[in-house]
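Just so it is clear: chains get the letters A, B, ... in the order the sequence lines come, proteins before strands, and each one is counted from 1. Model, not experiment: these values are computed from the prediction.
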Amino acid sequence: MEHRYDPHAVEQRWQARWAEQRTHEVQTDPSRPKFYCLEMFPYPSGRIHMGHVRNYTIGDVVARQRRMRGFNVLHPIGWDAFGMPAENAAIERGAHPADWTRENIAYMREQLARMGFSYDWSRELATCDPTYYRWEQRFFLAMLERGLAYRRKSIVNWCDRCQTVLANEQVEDGKCWRCDSPVLERELEQWFLRITAYADELLAGCDQLPGWPEKVLVMQRNWIGRSTGAELRFPVEGRDDVIRVFTTRPDTIFGATFVSLAVEHPLVAALSRGTSQESAVTAFVAKVKAQTPEERAEGKDGVFVGAYCQNPFTGERLPIYAASFVLMAYGAGAVMAVPCHDQRDFEFARTHDIPMRVVVQPDDAPPLDPAVMEAAYEGPGRLIASGEFDGLPNEEGKARITAAAEQRDVGRAATQYRLRDWGVSRQRYWGAPIPVVYCDACGVVPVPLEQLPVLLPTDAVFSGSGGSPLARLEHFVRTTCPKCGGPARRETDTFDTFMESSWYFLRYTSPQDTTQAFDPAAIRYWLPVDQYIGGVEHAVLHLLYARFYTKILRDLGEIPDWSEPGRTIEPFANLLTQGMVIKDGAKMSKSKGNVVDPDYLVQRYGADTARLFSIFAAPPERDLEWSDQGVEGASRFLNRIWRIIARGQSWLGAGAAKAGDAPSDAARALRRLTHRTIVRVTDDVERRSHFNTAVAAVMELVNGYADQVQESAPEDGDLAEAIREAARTTLVLLAPFVPHVTSELWETVGGSTALAEVPWPDADPAALVEASVEMVVQVNGKVRGRFSAPPDTSEEELLQRALADERVQAQIAGKTIRKTLVVPGRLVSLVI
RNA sequence: GCGAGAGUGGCGGAACUGGUAGACGCACUAGACUUAGGAUCUAGCCCGCAUUAGCGGAUGGGGGUUCGAGUCCCCCCUCUCGCACCA
């Protein structure tokens with residue numbers, strides 16, 4: 001072996017061997033237990049960054065450890081290859097998005113290989129490949145057929161910079177998730193997927209994912225935003241129209257004193273027409289529509305529309321207002337206003353001088369008086385001034401009033417969701433074409449299955465303006481109607497790229513299949529993903545879409561349902577959301593100039609050091625603060641192990657010495673340390689996902705024997721054997737973290753099989769037994785002494801030994817012992 | 001405002017079910033080896049007082065439960081993230 005640790009030579013050697021022997025390729029093999037380990041696939045932006053290094057190292061540790069555990073481990077990689085940066089590159093430097101993407105993939109593939117990640121490269125896929133997206137086009141047609149995909153004109157989020165529509169999930173703080181420019185509203189014909197039809201199932205699934213971080217589940221539940229209540233109908237005075245409102249508080253119907261409509265509500269214009277309010281309403285609507293969403297959120301403006309409706313329960317005449325805070329997109333775009341029991345209505349009523357009526361009176365409180373109330377009362381209580389419902393607890397009132405509304409045909413129970421259908425049309429080139437054509441005679445016509453895939457043309461021109469490049473390609477746009485044979489035009493929008501990332505993890509199970517999207521047997525064997533790892537930024541976007549897609553593909557019959565009876569199908573059993581890599585307090589980014597290039601790290605220290613640092617510096621879910629010295633420390637540790645093995649190589653590799661009848665204390669102690677470390681590391685990796693403490697435990701082990709490794713073996717044969725075991729265990733336990741250097745050293749110590757094939761060790765319970773444990777003596781809760789005793793010492797004896805301790809004696813001298821407590825194996829507690 | 005999470009040495013972080021607070025690493029200090037070392041090895045390293053044993057204090061602040069609290073309960077403060085007029 002080399003005397004000096006040369007990471008490059010070592011890493012090249014092992015990477016070449018793994019590639020040559022296809023070490024990490026796997027087959028679907030139902031005779032073996034499986035483990036599907038997946039990291040969120042990268043966008044081929046050009047080069048990998050530290051976030052990738054961290055994400056993929058965590059995944060690789062899991063994958064390699066589970067392999068050693070005997071699992072058949074699927075650990076694939078691919079490329080989320082459609083998307084805007086490719087198109088922007090085309091606009092900026094004239095590179096074709098396809099070429100730009102291909103070159104980036106080639107480079108990043110090399111980078112990942114240099115990190116030593118144990119992927120099954122035979123399963124690599126890229127979403128821009130027609131052999132991939134053709135299946136997506138087919139899924140879409142199937143959804144279309146079942147009404148799960150539909151087209152409608154709608155107000156959409158428009159990013160002017162990206163020249164495209166954004167999904168609700170892609171609007172952050174009123175800004176584009178990608179480029180941060182303000183999002184505008186536009187009215188466009190768009191394709192939607194009916195994710196709202198799956199709202200309840202998606203919600204139910206949240207309760208069946210114990211392996212997910214609570215934080216992510218909470219975000220998903222909030223995003224779906226289910227609320228239950230009633231839809232009530234308010235007839236408009238003097239017209240046939242009816243205003244439908246959604247309310248979660250049907251119990252307060254007797255307190256409704258006005259009704260508010262969104263400015264976009266069709267009745268606003270209709271009702272005000274011809275009244276004295278018409279001009280005021282027109283002006284107000286124009287003003288509100290011109291406001292940005294933030295401006296709109298500022299105030300609680302409104303105007304009387306000049307008409308009245310009728311409270312369906314009291315028959316009372318209620319004025320109708322147009323109000324800025326009512327959202328057309330939620331519920332029916334209309335609200336029944338109960339000032340005394342809703343804070344917004346309260347404020348609105350105060351400014352517009354609208355009457356207020358208390359209908360819920362809290363128990364054990366003085367009667368509420370609208371004249372002196374400073375805020376709406378939104379808590380529980382009993383109904384008052386509510387006719388036949390008086391005296392009911394308000395929760396019961398909800399049910400009773402809803403039932404009554406149904407009986408009188410003025411309303412019904414209703415559920416609302418915050419979740420909107422997923423708009424999937426994008427006015428961009430670099431995406432999967434939406435497989436429909438428009439025919440003047442036949443309308444919207446799906447492209448027949450046998451004509452799939454609709455290929456993305458390669459000869460588009462990228463100017464960055466004038467809309468989608470596809471729309472300007474006559475040869476693409478112009479086609480014939482599959483139904484009538486007449487002239488027709490192709491859809492020129494492409495799919496949102498989240499369409500591709502919503503099912504890639506399924507395709508990995510049979511990526512080369514040209515006859516079907518998925519091989520059911522492979523899906524049944526591999527799914528669900530046992531461990532999914534990625535950034536929290538996908539908590540709602542990708543992770544919600546992927547869950548939705550899985551359920552929809554089940555319903556389309558594309559995949560078998562792998563879920564247990566009574567549970568909903570879920571793609572990812574366990575989710576680990578890793579934190580960001582930050583430097584100088586900020587996320588690494590080009591614009592901040594605080595980027596550390598993984599290539600530089602690998603060049604200077606080697607991949608193993610980069611891997612070790614990114615694992616050791618912080619627990620995975622927390623942010624990792626970059627530290628140059630921390631990297632040095634990781635490198636130093638690997639060098640240290642190298643030196644230790646090198647020093648003892650003449651005897652560390654020798655065969656097992658005969659164990660003596662009565663091993664020395666030193667030998668026994670080291671064995672105990674070795675096996676305790678096995679327990680800790682196994683638990684940290686398999687159960688806790690605390691990889692940083694797993695590494696720390698191995699460091700402690702190394703500290704426990706390092707100085708005993710000299711050029712020749714110690715005289716004590718049992719100790720020599722204990723050291724051999726400790727050194728080998730070090731390499732085995734570290735193998736998932738730093739696979740190259742440990743593989744190399746494994747050869748040095750005479751490992752006969754490749755380290756990656758060595759079974760993960762089990763601790764020997766006998767070795768864990770301690771000859772004696774250290775006991776602590778507390779006096780009034782403070783540690784005053786300690787002694788060693790065999791673990792099976794009786795409580796009385798422990799107490800006697802505690803009392804005999806000199807320092808304890810000093811503390812209790814002249815005092816009365818009022819209470820004693822013995823916790824065997826831990827401590828003796830005295831109260832004086 | 002609502003929801004989730006977090007506040008522990010100079011720093012990253014340990015302490016999983018209440019039981020020796022600060023593992024492991026970084027930085028720092030001293031020493032050894034050295035022509036030299038940012039290499040390596042040895043020792044020290046929460047704070048204060050004593051410095052040889054010891055004593056007192058300390059996990060954002062304040063209360064509480066307990067023989068015993070970083071850990072459990074209540075109140076408050078700060079930070080991070082998410083959602084924010086959702087009727």
Peer 1: When the C1' atoms of B:rC72 and B:rG13 are compared, how many Å lie between them, rounded to an integer?
Peer 2: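 B:rG13 and B:rC72 have their C1' atoms separated by 24 Å.
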
Peer 1: With rounding to the closest Å, how many angstrom separate the P atoms on B:rC45 and B:rU35?
Peer 2: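 Looking at atom P only, B:rC45 and B:rU35 are 32 Å apart.
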
Peer 1: Taking the cut-offs as 6.0 angstrom to the six-membered ring centre and 45 degrees off its axis, would you call A:R418 and A:W223 a cation-pi pair?
Peer 2: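 Checked: cation-pi criterion met.
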
Peer 1: Name the nucleic acid region contacted by A:S627, choosing base, sugar-phosphate or nothing; use a 4.0 angstrom heavy-atom cut-off, strictly under.
Peer 2: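 No contact.
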
Peer 1: Applying a 4.0 Å non-hydrogen cut-off, can you work out what A:V695 is touching in the nucleic acid: base, sugar-phosphate, or nothing?
Peer 2: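 A:V695: no heavy atom of the nucleic acid under 4.0 Å.
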
Peer 1: Hey, does the side-chain of A:Q629 have a donor or acceptor N/O within less than 3.5 Å of a partner on the base of B:rG25?
Peer 2: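 No, no donor-acceptor pair under 3.5 Å.
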
Peer 1: Any salt bridge between A:R249 and A:D342, counting N to O under 4.0 Å?
Peer 2: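 Looking at A:R249 and A:D342, the cut-off is not met.
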
Peer 1: Remember a base hit wins even if backbone is also touched, and classify A:E700 as base, sugar-phosphate or nothing at under 4.0 Å, heavy atoms.
Peer 2: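 Since only primed, P, OP1 and OP2 atoms lie under 4.0 Å of A:E700, the category is sugar-phosphate.
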
Peer 1: Could you check whether A:G225 gets within reach of a base, just the sugar-phosphate, or nothing at all, counting any heavy atom under 4.0 Å?
Peer 2: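 Here A:G225 touches no strand at all.
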
Peer 1: Have a look at A:S227 and say if it touches a base, only the backbone sugar-phosphate, or nothing, with a 4.0 Å heavy-atom cut-off.
Peer 2: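 Sugar-phosphate contact only.
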
Peer 1: Could you tell me whether A:R226 contacts a base, only the sugar-phosphate backbone, or nothing, with contacts defined as non-hydrogen atoms closer than 4.0 Å?
Peer 2: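 Nothing: the residue A:R226, judged by heavy atoms under 4.0 Å, touches no strand.
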
Peer 1: Just compare B:rG19, B:rU20, B:rA87 and give me whichever is closest to any side-chain atom of A:L827.
Peer 2: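 Output: B:rG19.
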
Peer 1: Return yes if some donor-acceptor pair links the side-chain N/O of A:R412 with the main-chain N/O of A:A230 below 3.5 Å, else return no.
Peer 2: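 Side chain of A:R412 to backbone of A:A230: no pair is present.
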
Peer 1: For nucleotides B:rG7 and B:rU71, find the distance between their P atoms and express it as a whole number of Å.
Peer 2: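 Straight-line distance between the two P atoms is 11 Å.
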
Peer 1: Can you tell me the base-pairing partner of B:rG3? Count Watson-Crick or G-U wobble geometry only, both distances below 3.5 Å, and say none if there is no partner.
Peer 2: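 Looking at the geometry, B:rG3 pairs with B:rC81.
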
Peer 1: Identify whether any heavy atom of A:D345 sits under 4.0 Å from a base atom; if not, whether one sits that close to sugar-phosphate; answer base, sugar-phosphate or nothing.
Peer 2: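 A:D345: no heavy atom of the nucleic acid under 4.0 Å.
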
Peer 1: Under 4.0 Å, heavy atoms only, any strand: does A:N703 hit a base, just the sugar-phosphate, or nothing?
Peer 2: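 Touches sugar-phosphate only.
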
Peer 1: Has the side chain of A:R687 got a donor or acceptor that lies under 3.5 Å from a partner of the other kind on the base of B:rC16?
Peer 2: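 Looking at the base of B:rC16, it does pair with a donor or acceptor on the side chain of A:R687 (distance under 3.5 Å).
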
